[in-house]
Amino acid sequence: MTKFSDLNLNPKVMKAITEAGYESPTPIQAGAIPSALEGRDVLGIAQTGTGKTASFTLPMLSLLARGRARARMPRSLVLCPTRELAAQVAENFDTYSKHLKLTKALLIGGVSFKEQELIIDKGVDVLIATPGRLLDHFERGKLILSDVKVMVVDEADRMLDMGFIPDIERIFGLTPFTRQTLFFSATMAPEIERITNTFLSNPERVEVARQATASETIEQNVVMFKASRRDREGSEKRRVLRALLDAEGDTCTNAVIFCNRKTDVDICAKSLKKYGYDAAPIHGDLDQSQRTKTLDAFRGGELRLLVASDVAARGLDVPSVSHVFNFDVPGHAEDYVHRIGRTGRAGREGKAITICSPRDEKQFEAVEALIQKEIPRIENPVKVEPRKPRKPKEEAPKAEAKPEVQEAAAEPRKAPAQGGRDDTRGRSNSNTRGRGRGRYDRRDDNQVVGMGDHMPSFIALSFEERRSQ
Ligand code: AMP
């Protein structure tokens, strides 16, 4: 097995590695570092959790240990798809460069241009940036990229998802042709292949197994969940989540809960808080200071449950996350792997539980196909009571209410022990409901033949209009 001492890294970098407690390089490190140190381009096909950040950081630091940066002319450039990932890469640089005298700047949105310009003006060895922000600085004439010797593109597949490929191509064009490129992606979509063919020169291709070793230590489960009514899916699903959290009890020291949509991230976090759980949301629409505060609290162990979107949690590196919950099955099967990779890091044990509703079953099959493994089903911890037969109706048929109205109605009436109701969308719901019903309560033709107990509201509206004409 390769040892770090075989890799020819700078002694000061080696010292930092020892202090970080790493015993031996991971496969991506053993594969990428020797070629990177030789000055060759590297194409690393690896996902987070494999140690890929150190696989480019360590050789870069060794290469940069000699020489000095000139004003406004960074010597190396790392491009990351999200602010969080960029901030994390910056932290990695700090860890591994602590015995070197190197400077770095982090160019991400949400931080004032002035502050960042002051740092660039002094000259930086490493510039870590999101593509948009980097180009903003470039266009302001405050940045010169003609001295970039090493350029890293991290998580290129995510760049593609986020529409950053044109920016990346432009940045490639602004750096010298002679630069060294270290390019990382978890997958090789045709568009990524095209970019690497265009901008990398005879790269060393290092591919590590899709399924990171980390995830072998993750116990995975799925709850197949069917809402009693479609319009109650959100609130019933949140109840399942709470029951799962309760069932895990103290073994769940902290967890990341993933939702597919930002609105659900907010609703889920608010709901958990109302029920007395220590939870906070993180997604791209929150301002940077809020995101940083939440992430710091989660990292520091002051926050137990982080409710997150995929992009916001991308690359989130908290060494000891005990659980990951997928409130929704992710839209892309690869995201499942990324998500569960937030737990079970660096050989630790972890648990990942997914809630899968019938409409997500196809997508869940895609996840199982990707990881080539059947994920064990566990019972829904919420006992579903059989629906009571409906009494013959005396009241008027209900028009289909707005989703939030139904959601509020579906929540437990009794105040929960630790918090309030899950009617996260506010008090106005009850008013809306009142108004909505009243309109149809006036009706006397309260049987709608052939519609069962479901009548779409637009049908009711058209009857109403005609009647009043
Ligand atoms: P990454 O894939 O870069 O997100 O790294 C995943 C985690 O592995 C991080 O917490 C790193 O600190 C850790 N790590 C990186 N390299 C090693 C190594 N050689 N030995 C042990 N842990 C490592």
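We count ligands from 1, going down the list as the structure has it; atoms in each ligand are counted the same way. Each residue takes its place number in the sequence, starting with 1.
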S.K.: Would Ser62 and Asn10 count as having a side-chain donor-acceptor pair, cut-off 3.5 Å?
M.R.: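 On atom types as modelled, these side chains do not qualify, holding no pair under 3.5 Å.
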S.K.: Of Pro27, Gly51, Gly21, which has the heavy atom at the shortest distance from atom 1 (P) of ligand 1?
M.R.: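 Answer by nearest heavy atom: Gly51.
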S.K.: Between Glu23 and ligand 1, which residue portion shows a heavy-atom distance shorter than 4.0 Å: side chain, backbone, both, or neither?
M.R.: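 It is neither; nothing of Glu23 touches ligand 1.
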S.K.: When you check the gap from the basic side-chain N to the acidic O, do Glu117 and Lys114 get nearer than 4.0 Å?
M.R.: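 Between Lys114 and Glu117 there is no salt bridge, as every charged N stays at least 4.0 Å from the carboxylate O atoms.
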S.K.: Hey, does the Lys NZ or Arg CZ of Arg133 hover above the aromatic six-ring of Phe113, less than 6.0 Å from the centre and inside 45° of the axis?
M.R.: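 Yes, a cation-pi geometry holds between Arg133 and Phe113.
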S.K.: Any ion pair linking Arg170 and Glu139 (charged N to carboxylate O, less than 4.0 Å)?
M.R.: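 Looking at Arg170 together with Glu139, the answer is yes, because their closest N to O distance falls below 4.0 Å.
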S.K.: For side-chain contact (heavy atoms from CB on, under 4.5 Å), just list the numbers for Leu241 and Leu272, CA-CA rounded to whole Å, side-chain angles, deciding distance to a tenth of an Å, and then say yes or no.
M.R.: CA-CA 9 Å; Leu241 175 67; Leu272 285 167; 4.1 Å; yes
S.K.: Does the ring of Phe225 carry Lys237 above it, NZ/CZ under 6.0 angstrom from centre and within 45° of its axis?
M.R.: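 Negative - Lys237 is either too far from the ring of Phe225 or too far off its axis.
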S.K.: Of the side chain and backbone of Ser24, name the one, both, or neither that has a heavy atom under 4.0 Å from an atom of ligand 1.
M.R.: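 Ser24 to ligand 1: backbone contact only, side chain stays beyond 4.0 Å.
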S.K.: Which of the atoms in ligand 1, numbered in the order shown and given with their element, are less than 4.0 Å from a heavy-atom of Thr50?
M.R.: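 Reading through ligand 1 atom by atom, the close ones are 2 (O).
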S.K.: Output the list of atoms in ligand 1 that are nearer than 4.0 Å to some heavy atom of Thr53, sorted by atom number.
M.R.: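 Counting from 1, the qualifying ligand atoms are 1 (P), 3 (O), 4 (O).
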S.K.: Can you find an N or O of Tyr96 that's nearer than 3.5 Å to an N or O of ligand 1?
M.R.: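 The answer is no, given that Tyr96 and ligand 1 share no N or O pair closer than 3.5 Å.
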S.K.: As an exercise, identify every atom of ligand 1 less than 4.0 angstrom from a heavy atom of Phe4.
M.R.: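 Those qualifying, in numeric order: 19 (N).
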S.K.: Among the heavy atoms of Ser55, does any lie under 4.0 Å from an atom of ligand 1?
M.R.: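 It does not; every heavy atom stays at 4.0 Å or beyond.
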